[in-house]
Amino acid sequence: MKSTDLKKIVILGPESTGKSTLCELLAQHYNASWCPEFAREYLLTNGMNYSYSDLLTIAKGQVAMEEEFIQSAVSNQQLAIGSQQSVEAHSPLTTHYSPLFIDTDMYVMKVWCEFVFGKCHKWITDRVAERKYDLYLLCNVDLPWVKDELREYPDLETRAKLYTIYKNIMENQPVPWVDISGDYEQRLQKAIIAVDTLLKK
């Protein structure tokens with residue numbers, strides 16, 4: 001198995017829209033791995049008084065962590081395939097690769113930079129152009145906002161504005177994407193349908 005065989009699914013959207021919860025539930029459902037958001041640990045360690053340069057550090061940390069998860073997922077699935085004994089299990093028609101779920105990508109970093117600072121690091125926009133994914137799940141803002149020490153936008157108006165920014169990005173890029181709305185169970189079921197459709201291709 002090569003890294004290009006691994007289906008990479010990104011969950012993105014404004015804050016407090018259930019992205020991390022959805023990642024974790026999907027990983028459990030598919031017995032797969034999920035890559036968490038690097039920014040959370042960074043901000044918990046360094047505080048919320050972040051600068052424009054901090055966002056570049058966070059972006060580079062996110063990409064590095066994502067690469068680690070990609071390589072780990074590929075290695076684990078190579079081991080699993082190698083342990084299969086029957087010829088049928090090795091046929092292209094029956095071999096199944098678990099996807100990798102990714103909480104946040106460089107689109108999120110781009111939106112974050114531009115929304116807060118009005119500009120974006122070239123390193124981030126370069127990564128947006130070069131990194132390839134198979135499906136985006138865009139989390140809508142119809143969940144109640146949950147207070148968290150790292151969250152900045154409790155008002156629905158700002159969250160809706162951010163959602164519109166993400167939706168415009170999704171509509172103007174080539175990778176398939178699905179809007180994920182409803183309560184937690186509805187979101188999970190919509191996401192499973194989208195992922196199943198991808199995996200059957």
Side-chain angles (χ1 to χ4, degrees), residues 2-24 26-27 32-46 48 50-74 99-141 148 150-153 158-159 161-180 191 194-195 198:
K2 305 183 295 294
S3 61
T4 51
D5 294 323
L6 180 70
K7 298 298 183 184
K8 297 181 283 293
I9 300 163
V10 175
I11 291 82
L12 78 173
E15 65 179 27
S16 196
T17 52
K19 298 186 295 295
S20 297
T21 299
L22 184 59
C23 268
E24 188 169 3
L26 286 169
S33 298
W34 71 282
C35 177
E37 183 183 17
F38 180 84
R40 169 161 285 273
E41 288 304 317
Y42 183 90
L43 295 176
L44 283 172
T45 300
N46 297 281
M48 284 295 291
Y50 58 83
S51 66
Y52 182 59
S53 63
D54 282 323
L55 296 191
L56 178 58
T57 301
I58 290 170
K60 290 182 176 180
Q62 183 70 40
V63 168
M65 184 164 62
E66 185 181 311
E67 284 300 315
E68 290 178 7
F69 273 84
I70 289 171
Q71 294 308 315
S72 177
V74 170
L100 173 66
F101 297 99
I102 301 167
D103 180 357
T104 299
D105 77 335
M106 291 301 101
Y107 277 134
V108 174
M109 296 307 306
K110 181 175 184 293
V111 171
W112 191 358
C113 282
E114 292 175 347
F115 194 77
V116 176
F117 296 103
K119 56 185 178 180
C120 184
H121 297 280
K122 183 177 184 299
W123 189 92
I124 292 175
T125 57
D126 286 347
R127 299 295 85 71
V128 165
E130 74 179 23
R131 298 187 71 76
K132 307 301 180 186
Y133 302 99
D134 299 283
L135 176 67
Y136 284 103
L137 302 178
L138 173 60
C139 293
N140 211 315
V141 294
D148 182 296
L150 301 181
R151 290 176 178 158
E152 300 179 281
Y153 306 114
T158 301
R159 295 169 67 220
K161 183 177 180 180
L162 284 163
Y163 171 78
T164 299
I165 293 171
Y166 282 113
K167 186 177 179 181
N168 288 340
I169 289 173
M170 290 294 97
E171 291 174 340
N172 290 284
Q173 56 83 44
V175 177
W177 69 280
V178 176
D179 180 88
I180 302 296
V195 174
L198 171 69

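Between V10 and V108 the shortest side-chain heavy-atom distance does not fall below 4.5 Å. Residues M106 and W123 meet the side-chain proximity criterion, which asks for heavy atoms closer than 4.5 Å. Using a 4.5 Å heavy-atom cutoff, the side chains of P176 and L198 are not in contact.
Residues satisfying the salt bridge (charged side-chain N to carboxylate O under 4.0 Å, His left out) test with E171, not counting sequence neighbours, are none. With sequence neighbours left out, the salt bridge (charged side-chain N to carboxylate O under 4.0 Å, His left out) criterion links K122 to D126. Taking Y107 as the reference, Y136 meet the ring-ring contact (aromatic ring centres under 6.0 Å, His included) condition, with sequence neighbours excluded. For the salt bridge (charged side-chain N to carboxylate O under 4.0 Å, His left out) test, no residue two or more places apart in sequence or in another chain qualifies with D54. By the side-chain hydrogen bond (donor to acceptor under 3.5 Å, both in side chains) test, E66 pairs with R131, Y133, sequence neighbours left out. The ring-ring contact (aromatic ring centres under 6.0 Å, His included) check on Y52 picks up F117, H121, with sequence neighbours excluded.
Here the CD1 atom belonging to I102 is positioned 11.0 Å from the CG atom belonging to L137, to the nearest 0.5 angstrom. One finds the CD1 atom of I165 at 5.5 Å from the CZ atom of F115 (value rounded to the nearest 0.5 Å). Taking CG of N172 as the reference point, atom NZ of K167 lies at 12.0 Å (rounded to 0.5 Å). Rounded to the nearest 0.5 Å, atoms OG1 (T17) and OH (Y163) are 10.0 Å apart. For the atom pair CD1 of I180 and CD1 of I11, the computed distance is 8.5 Å after rounding to the nearest 0.5 Å. Residue D105 holds its CG atom at 8.0 Å from CD of Q62, rounded to the nearest 0.5 Å.
Across all their heavy atoms, G13 and Y166 have their closest contact at C-CE1, 3.6 Å. W34 and A27 make their closest contact through CD1-CB, 3.6 Å (heavy atoms, listed as atom of the first residue, atom of the second, distance). The shortest heavy-atom contact between L6 and P99 is CD1-C, 4.3 Å. In terms of heavy atoms, C113 sits closest to C120 at CB-CA, 3.9 Å. E37 and M65 make their closest contact through C-CE, 4.1 Å (heavy atoms, listed as atom of the first residue, atom of the second, distance). Across every non-hydrogen atom of P36 and F69, the tightest pair is CD-CZ, 3.7 Å.
Under a 3.5 Å cut-off, the side chain of D134 and the backbone N or O of K8 do form a donor-acceptor pair. Distance alone, capped at 3.5 Å, is enough to place a donor-acceptor pair between the Q173 side chain and the M170 backbone.
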* Run the side chain to side chain contact (heavy atoms under 4.5 Å, CB included) check on I169 and L138 step by step: do they pass? -> CA-CA 10 Å; I169 289 173; L138 173 60; over 6 Å; no

* Assess whether side chain to side chain contact (heavy atoms under 4.5 Å, CB included) is satisfied between V116 and Y50, documenting all intermediate values. => CA-CA 10 Å; V116 176; Y50 58 83; 3.7 Å; yes

